[in-house]
Amino acid sequence: MPSDERSEKQAAAQQAVDILHEISTILNCHLDRRSLSICISMIENGVNPEALATAVKELRGEVQQTQIEATSSANAPAPRRR
Amino acid sequence: MSQDRNHRISNAIDSLINHLIPSNPRDDEQTAQDRHDACFQIVKSIIDEPPNPSISADVNHASDLIKRKLIQSNPSQALRFSNLYTRLLSLPVLSQKWAILYLLYQLSDSPDPSEPLPLSPLRQPVQRAPPPPRFTDKERTSKNSTPATIPEEDALADAFAPGGLKKLPTERPRRSLEEEPVPAQETASPKKDARRDVSLKSMLLADNSVDYEPSETALLRDLPFTLQGLSSTTLPFASDTTLKLPPTLPPPIISLLHTLAEPSLLYRGLSTFVKSPARGLLDQSLRAAISTELRSYLTLVATLEGQIRRALSSLDANAPRGGIGKAGVTLKRCVVWTREATMGLRLMSLIAEESNNKRGGQLISLIHGFSTSHGDPVVAAFAERLLADVTRPFYDILRRWIYDGELSDPHLEFFVREQSPNDEAQKETKARGQTSVWNSKYEVVDAMVPSIITSDFAQKVFLIGKSLNFIRHSCGDSQWVEAYSKTSSKELKYGDTATLETWIDEAYKTTMQRLMKLMSTRFHLFDHLQALKNYILLGQGDFIALLMESLAANLDRPAGAQYRHTLTAQLEHAIRGSNAQYDSDEVLRRLDARMLQLSHGDIGWDCFTLEYKIDAPVDVVVTEWGNRQYLKVFNFLWRIKRVEFALQSTWRKCMTGSRGVLQSDDENVLQTWKSTRGVLAEMIHFVGQLQYYILFEVIESSWTELQKNIHKEDCTLDDLITAHTKYLTSITHKGLLGARRRQYHDSLREAAALGRETAEAAEDRNSYMIQLSELLRNMLAYRDSVDGLYSWSVSDYTRRQEVDAAGLMRNANRHESQYHHDGGDDVFGNVAGAVKSEFPALQERLRQLGLTFRTRLQVLLGDLAYQPDVDMRFLGVSMNFNDVYQPVRRKSKSAAATSVAGASTSGAGSASAAAAAKA
């Protein structure tokens, strides 16, 4: 019985992530499923969404920086993350 | 618990960083770890900041934000979002849905982290597409400069998708845009399209769109001026209705500018309209309302200008397209912002244009039409707003009208209007004598009744104002009107129709009550009506009898010998001698006797008339036309009365005479007298029936009807006038004086005066009036003949007396009866023969007249028998109750008339009968 409940819950969570991912696609958020589910779990744990958004942007800035460095230093193609 | 939470968050941050920050294969472990730590610190510090209080924990708020954003950028996606959102809400697992949505909102349209690789896959290429190529096709022909009357374009492709614009400007050679910029784009696109990706195409197009002169920033800088209708260097107004666009712009921009030119040009047109002189109060208020709307439009433009300024000042000159995509204010955006205002301007300019040939109520109807029957709720609401301002002067006029009874409408905009004296229709009614202060001072112009009020309502309003005006000016009761307007005057406004209606109803009731009260108490309207019936319609029998008796001798003389003072003296005598003396002074002093216009050969009877003088304001009810009707009825009744009077006096003479002077032993004479008495009795019966019919069946029943109508609870003056007119019409119609015959009536009287040339009048074969007057004349002639017979009989009697006396004397003298017999013949034979010779002529004439009378009566009865009106048929029945007459149908009348005419040698009827026979 508990396993049933659990799988049910998981399915629901899966569904929620699906929906939210679609919304994020509509909104051009550039979030993949993995990062999205991380964000969701953080928010469920009470993280302030505005702060989280800032954090994600910050991290992205970081990424770009690395990439520019990478492209300038070497001609190697940037790793694809998606 | 808190520990646990923190731990979980830390874990999550860890995995997030791991996921987002790519591991650089060339970096060693240490660097990667350092970077990871640094990132972790940053994230941690950001997250641990105290939450911003500005966000409310409301699911709907976040979703609203997203929805709004999507509607601006991509409506179809917005729909999809709503679907997803409802699904999300139904899921039970998440507790912080709003927060997640808010996060997504915050992250939305964020630059792709995988930038700046130009070939990186772009997520939403659709959004970045430039305006669809159909515009280029359409606008290419008119690209140089066109008056901007373009349809609203689909400006929703947001300029806010700057994904492709972040790229550094490539050094593309500047194309001269005058020559073929469009094909360049078009040829470029399919090629790229075929080769790779849609996103590429859009990016390349975005690159292309950079190169035009004047730049979008310059256009944006000038745009506020253009929107205010001012010329600027890049966008000069060529004339009042054209805006010159720079010829160097690519078609998409041109089409955007077309859209923006519309409000500019409309504003220009409207501001000139506002400044143009108004032709009326409503025009003026319309201009005021429009200028208020224009002011709010200018406020919008000012806000827009502020936005543009701010955006332009923050522009990065090095960025592509002047970095305008980032600043958030673009031409497209301006199009969107001015969209609603453009709708308003469009509507106003439509109204302004229409108002040129509409005025007053029509103008209100026009705007009201927009507000009630336009499908677009925006337009309807706008028109409604406009209406509240525009109708203000109208309601002012209305207020003055229904509370003061004054028409303060200098520009003829109200639906009530003073009648112009040279109006065709009015002249006509004036000619008919039906005009009065009441119904010819003001009129309702149906075309001017605005659609905000019903026509029923308008009629009520009209009546209220008219009554007040009438009370004030004609009844001289302005005090009451002023008091009334002070106590009950209310501010009328567009909006709650129900309240307005109750007020109007109230005002209506009050004024009508007041008016009726004034009419009955101060102006004794009902007394006057009663008096008219008593004196003019011969209701007061003793008075009329006395008047006729005392005037009879006088009136037998020619009309020229009638003097007014004798008439008035006799009238006074009749009043004093009858119950009329108890009537109020108010009534009696209006009664007057006078002569109608004399014509040659008239005797007093033809010209005498009683008159009842009506003055203002009662003449509103008893109009000039009504007075004429009364006079007509009076004259007719007076003639009948006179004939009756004459016949009866003759009858009396005969009756008394038959006991003395008329006794004779001549069989022939006795027979003549007998038949004469028979005819006389017939005539008296006829006149009696006729009188009874008119006085009782017609006048009394109409009077009852009138009384019933005018004593109703909610009777208005209009009802009163209608009821009175109906009363008079029914009297004249049923009283055999039908309106159809009226024009003949006058000519008849004239003709009768001019030697009884009734030929034309007799043409009207259906005229009862003519038939009756012929009958009456016939009776008078008969009565004259009877009088002649009477005097012959008297003289015969005298002669016989004399003969007897002479015989006696001779007997006494000579004592010889034998001799007497012979001698008497000898001596008086000549005299007797001379007297006797009149007898056959008289006899013949009496017979003839009696025959004519009978024929005419039968014709009349024949006509009456086929009347649609029951009362008139009844008259025929009561005249011929024992079937002594054979009613003759009209058709056979000419034959009968010919026989009469052939047999007759003299008589009034022969001429007309002959004429009828000819016809």
Side-chain angles (χ1 to χ4, degrees), chain A residues 9-32 34-64 66-71 73-74 76-82, chain B residues 5 8-9 12-13 15-17 19-26 35 39 42-43 46-49 51-52 55 66 69-70 74 77 80-81 84-85 87-88 91-96 98-117 121 123-124 127 161 163:
Chain A
K9 226 176 180 175
Q10 241 168 7
Q14 190 67 31
Q15 216 175 342
V17 173
D18 279 346
I19 293 168
L20 285 171
H21 185 241
E22 211 162 334
I23 293 175
S24 86
T25 321
I26 293 172
L27 286 173
N28 267 346
C29 293
H30 305 291
L31 285 172
D32 53 13
R34 170 107 180 89
S35 36
L36 185 64
S37 46
I38 296 170
C39 289
I40 292 170
S41 71
M42 282 170 86
I43 282 172
E44 286 294 296
N45 279 311
V47 175
N48 181 4
E50 199 160 16
L52 186 58
T54 328
V56 170
K57 280 178 189 163
E58 198 68 33
L59 284 175
R60 282 178 181 170
E62 202 75 15
V63 172
Q64 279 177 1
T66 9
Q67 277 182 349
I68 289 165
E69 280 164 22
T71 40
S73 62
R80 282 293 173 84
R81 281 154 298 131
R82 292 182 197 184
Chain B
R5 201 187 76 116
R8 267 198 241 161
I9 289 175
I13 292 172
S15 52
L16 188 65
I17 291 169
H19 184 70
L20 283 182
I21 306 288
S23 55
N24 199 329
R26 277 167 299 143
R35 181 181 296 181
C39 291
I42 295 167
V43 173
I46 292 171
I47 284 176
D48 285 348
E49 264 174 36
N52 191 341
I55 323 156
I66 294 175
K69 183 180 173 62
L70 282 174
N74 199 336
Q77 298 287 35
R80 207 172 130 213
F81 167 74
L84 291 170
Y85 177 63
R87 268 168 64 197
L88 182 68
L91 283 180
V93 283
L94 298 176
S95 59
Q96 302 276 359
W98 71 269
I100 296 167
L101 284 175
Y102 194 77
L103 169 76
L104 292 177
Y105 174 68
Q106 289 284 321
L107 286 177
S108 65
D109 284 343
S110 56
D112 196 296
S114 56
E115 290 292 347
L117 277 186
R123 291 193 149 234
Q124 299 276 319
Q127 286 197 355

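Convention: sequence-line order gives letters A, B, ...; per-chain numbering from 1.
Listed by chain and residue number, A/D32 satisfy the side chain to side chain donor-acceptor pair (under 3.5 Å) test with A/S35 (two or more places apart in sequence, or in another chain). Residues satisfying the salt bridge (Lys or Arg N to Asp or Glu O under 4.0 Å) criterion with A/E58, sequence neighbours excluded, are absent altogether.
Taking chain B as the reference chain and counting heavy-atom pairs below 4.5 Å, the highest number among A/E44, A/Q15, A/E22 is found for A/E44. Ranked by heavy-atom pairs under 4.5 Å with chain B, the list A/L20, A/I40, A/L36 is led by A/L20.
To the nearest 0.5 Å, atoms CG (A/L27) and CG (B/L101) are separated by 9.0 Å.
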